[in-house]
Amino acid sequence: MRIGFIGLGNMGGPMAVNLVKAGHEVKVFDMSGAAVEKAVAAGARGGASAVDAAKEAEIVITMLPAGQHVRQVYLGDSGLLATGREGTLLIDCSTIDVGTAREVHAAARLVRAAFLDAPVSGGTGGATAGTLTFMVGGDDQAFARAKPVLEKMGKNIFHAGGGGNGQAAKICNNMLLGISMIGTCEAFVLAEKLGLAHETLYEISSTASGQCWSLTSYCPVPGPVPASPANRDYQAGFTAAMMLKDLKLAQTAALASGATTPLGAQAAALYSLYEASGAGALDFSGIIQMLRGHKPS
Ligand code: NAD
């Protein structure tokens, strides 16, 4: 299949390479010439612009930093919606606000273009290994077309419902993750003060009602889960800055929709403090150090 791929950063770069490896003809574009060169060295063709990368494609995938970049690439007279070839399926895999995703869906409907929002989880490791989780919003027909291609970059492909629901699923999940990580960290900090060993709390809580992913798969103290970032001085993993981005998106959506999310707001405030302490590039589980009153390592 002919695929256009726009945005070749930490995530998009390896995702585009996986499509090349799967035998697709991939034409790429990024504002960074170095990122384009890297993809070309891996077998992609280089495009002169986003529109050029998209012009012959059957499917176009974008992987951009934020909503403003997605607007820039899709909307307006020189955007993909206005310039695209009829019948091309457009898939935005960036993590952006639900409002912008729904606006692009509405603009796509006006010009009868097929569009999906399809944010991912799984980080750069998942992007390289081709094991990402995709949360997809859009109609059934477009989802059915996208699925075989997304399967070359990911392991779990979920259809979350109509336009914007991929972004909604992602921020609801990550808000829950941020809250549960802080809760898990607080439990360990309290245990330390009470003289309860990390291993003992882990052993009990991992089989009791406090069990959650932040505890059993990503434990914020070293020892119980050997692969967790706590065992390597909180090197990311999933950075605190990325968690903060997603928590802010969740708060924007809560405000716009009228949802009451006081713990989500508190989690966003705590990750803002943690980032302001200089820890944005550390793993998000490192917030336990701030809760102990320690400087980031
Ligand atoms: P990144 O900053 O490494 O890459 C973004 C790329 O987009 C850059 O190479 C930049 O030059 C390019 N770009 C920006 N504007 C452009 C434009 N107008 N035209 C063409 N290229 C443009 O970011 P990333 O880590 O690859 O993340 C991409 C998206 O994936 C973000 O929305 C992020 O929230 C999401 N995400 C990231 C991770 C992660 O672990 N890094 C995990 C899940 C989701």
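Since the structure is predicted, the reported quantities are computational estimates derived from the model, not experimental observations. As the structure lists them, so they are numbered: ligands from 1, and atoms in each ligand from 1.
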Judged by heavy atoms only, the candidate from Q72, M242, M31, R71 nearest atom 19 (N) of ligand 1 is M31

Under 4.0 Å from atom 3 (O) of ligand 1, do we find at least one protein heavy atom?
yes

Closest to atom 28 (C) of ligand 1 (judged by heavy-atom distance), picking from N174, D92, L132, L64
L64

Lys/Arg N to Asp/Glu carboxylate O, E56 vs R45, below 4.0 Å
yes

Heavy-atom nearest option to atom 43 (C) of ligand 1, drawn from K245, K170, M15, Q68
K170

Using non-hydrogen atoms of the residue, decide whether S121 is closer than 4.0 angstrom to ligand 1.
no

Indicate, as side chain, backbone, both or neither, the part of I6 found under 4.0 angstrom from ligand 1 when only non-hydrogen atoms are considered.
side chain

Indicate whether any N or O donor in one side chain lies under 3.5 Å from an N or O acceptor in the other, for Q251 and T261.
yes

Given E103 and R71, is the salt bridge (charged side-chain N to carboxylate O under 4.0 Å, His left out) satisfied, shown in steps?
CA-CA 9 Å; E103 199 181 318; R71 282 168 186 276; 2.9 Å; yes

Assess, by modelled atom type and distance only, whether the side chains of S49 and D52 contain a donor and an acceptor separated by less than 3.5 Å.
no

So is D30 polar-close to ligand 1, meaning N/O to N/O under 3.5 Å?
yes

Polar-atom distance check: M11 versus ligand 1, any N or O pair below 3.5 Å?
yes

Counting heavy atoms only, name the option from V73, L249, V28 that's nearest to atom 18 (N) of ligand 1.
V73

Side chain, backbone, both or neither: the part of A35 lying under 4.0 Å from ligand 1 by heavy atom:
neither

